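Each ligand, and each atom within it, is numbered from 1 in the order the structure gives. As the structure is a computational prediction, the values presented were derived from the model and not from experiment.
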Amino acid sequence: MTGALPRVVLTRPVPPGAFSRLCEKTAPEVWMEPTTIPPAELRRRAADAVGLLVVSGERVDEELLAAAPELRVVSTMSVGYDHVDVSALTARGLPLGNTPGVLTEATADLAFALLLAVARRLVEARDAVLTGRWGGWDPEFLLGRELAGSTLGIVGLGRIGAAVARRALAFGMEVLASTTRTPELEGIEVVELPSLLERSEFVSLHVALTPATHHLIGARELATMRRDAILINTARGGVVDQVALAAALRDGTIAAAGLDVAEVEPVPPDDELLRLDNCLVLPHVGSATRATREKMAELAVENLIAGVNGEPLVHCVNAAALGAPRPA
Ligand code: 8YV
């Protein structure tokens with residue numbers, strides 16, 4: 001009966017539970033290589049597919065959509081969808097599904113793990129142990145920064161930003177947020193971004209990447225930050241001008257940074273950020289817990305199956321697509 005099932009293309013394998021569910025309803029073809037699928041190969045595979053499941057960083061653009069005339073739905077296994085040309089999908093009447101909510105806590109944990117690791121210099125401490133620089137007890141050895149009583153500025157108070165705020169309040173931090181929303185939590189002071197940057201010892205970014213937030217933190221903004229500031233980015237690399245950040249870290253404009261995302265991923269080995277002792281770069285592992293990835297996959301698969309069957313998605317980014325006429 002497999003031949004009768006609708007053909008869908010996955011650019012990554014998904015966990016077994018979600019994959020079994022997908023196989024009940026569709027005939028999936030999965031890119032199994034450890035590298036990202038080349039765009040030309042994705043176009044070739046998508047040519048007669050009715051559904052497409054991608055992850056972030058994989059461009060879904062007009063060129064791909066034009067090569068995939070049978071598509072009924074695109075599902076991304078991510079909450080962010082800056083890699084997708086949403087208007088192009090909407091113009092074709094194609095719904096885009098994403099996976100909000102299920103990765104909030106894992107990503108907030110990782111933001112906080114980065115913040116603590118940079119504040120307490122964990123990588124330098126481990127290096128000291130491994131390279132025999134752990135001498136006698138020294139009151140000046142590897143001194144870090146204290147979280148309690150210090151100020152954390154949260155840029156963007158959506159689900160993940162709010163989850164970071166909860167953690168920060170529990171650690172006894174003062175929390176500022178630049179946001180258009182009214183915080184649901186007590187104890188958060190809403191301020192404009194310039195004031196947040198001037199006042200915060202720690203700044204954590206939690207905005208989606210859009211034309212309005214591209215390079216939101218550039219040379220000018222970095223120059224207004226405190227010299228002891230630590231910048232944490234678990235959102236999207238493009239929110240920060242990375243060249244300006246490297247310069248700011250090199251010349252002491254700010255103290256340190258912890259990044260889980262980069263403008264180009266994977267970060268090229270010759271990138272200056274990788275050579276700076278005051279910059280900790282992680283390989284985009286914000287949502288990387290088994291439980292979260294299973295939930296993300298389940299949601300992405302349910303979105304895909306619903307779209308293939310012409311039913312409303314569990315989470316649809318562009319509800320307008322559903323009413324839009326499909327081009328002939
Ligand atoms: C994903 C993310 O793991 O969901 C997002 O937007 O950035 C991460 O949680 C990654 O993007 C894979 O799609």
Side-chain angles (χ1 to χ4, degrees), residues 8-15 17-19 22 28 30-37 39 42 51-61 64 73-86 89 96-114 154-164 204-210 213-214 216 232-240 242 258-267 281-304 313-318:
V8 298
V9 167
L10 276 65
T11 60
R12 292 282 171 196
V14 290
F19 192 64
L22 193 61
V30 187
W31 174 256
M32 297 300 288
E33 304 299 322
T35 50
T36 301
I37 188 168
L42 181 53
L52 181 58
L53 193 152
V54 297
V55 298
S56 73
E58 294 170 345
R59 293 240 30 98
V60 178
D61 53 16
L64 173 58
V73 60
V74 176
S75 171
T76 182
M77 190 174 137
S78 61
V79 61
Y81 47 86
D82 47 283
H83 53 297
V84 180
D85 183 343
V86 181
L89 259 75
L96 170 66
N98 72 336
T99 64
V102 294
L103 45 73
T104 302
E105 301 302 331
T107 308
D109 281 351
L110 196 276
F112 230 77
L114 256 180
I154 298 180
V155 181
L157 202 63
R159 292 183 193 84
I160 299 171
V164 169
S204 192
L205 305 177
H206 299 286
V207 288
L209 177 61
T210 66
T213 61
H214 181 253
L216 183 68
I232 303 298
N233 188 7
T234 53
R236 282 292 181 267
V239 175
V240 178
Q242 239 172 248
L259 312 174
D260 184 43
V261 289
E263 291 199 82
V264 177
E265 296 181 2
V267 177
V281 181
L282 302 182
H284 201 147
V285 288
S287 65
T289 69
R290 188 162 304 286
T292 288
R293 286 288 162 81
E294 280 172 1
K295 286 185 224 150
M296 289 169 75
E298 279 162 21
L299 202 41
V301 159
E302 289 311 325
N303 281 334
L304 190 68
L313 311 194
V314 188
H315 285 288
C316 185
V317 167
N318 56 342

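For the pair Val79 and Thr99, the tightest heavy-atom approach, listed with the atom from each and the gap, is N-OG1, 3.5 Å. For the pair Ala297 and Met77, the tightest heavy-atom approach, listed with the atom from each and the gap, is CA-SD, 3.8 Å. Taking both residues in full, the closest heavy atoms of Glu298 and Ala18 are given as N-CB, 4.0 Å, listed atom of the first, atom of the second, then distance. Listed here is the closest heavy atom pair of Asp82 and Arg59: O-NH1, 3.5 Å. The two residues Leu42 and Thr11 make their nearest non-hydrogen contact at CD1-CG2, 3.7 Å.
The number of heavy atoms from other shown groups lying within 6.0 Å of OH (Tyr81) does not exceed 12.
In this structure, ligand 1 sits under 4.0 Å from heavy atoms belonging to Val55, Ser56, Met77, Ser78, Val79, Gly80, Leu103, Arg236, His284, Ser287, Arg293, Met296.
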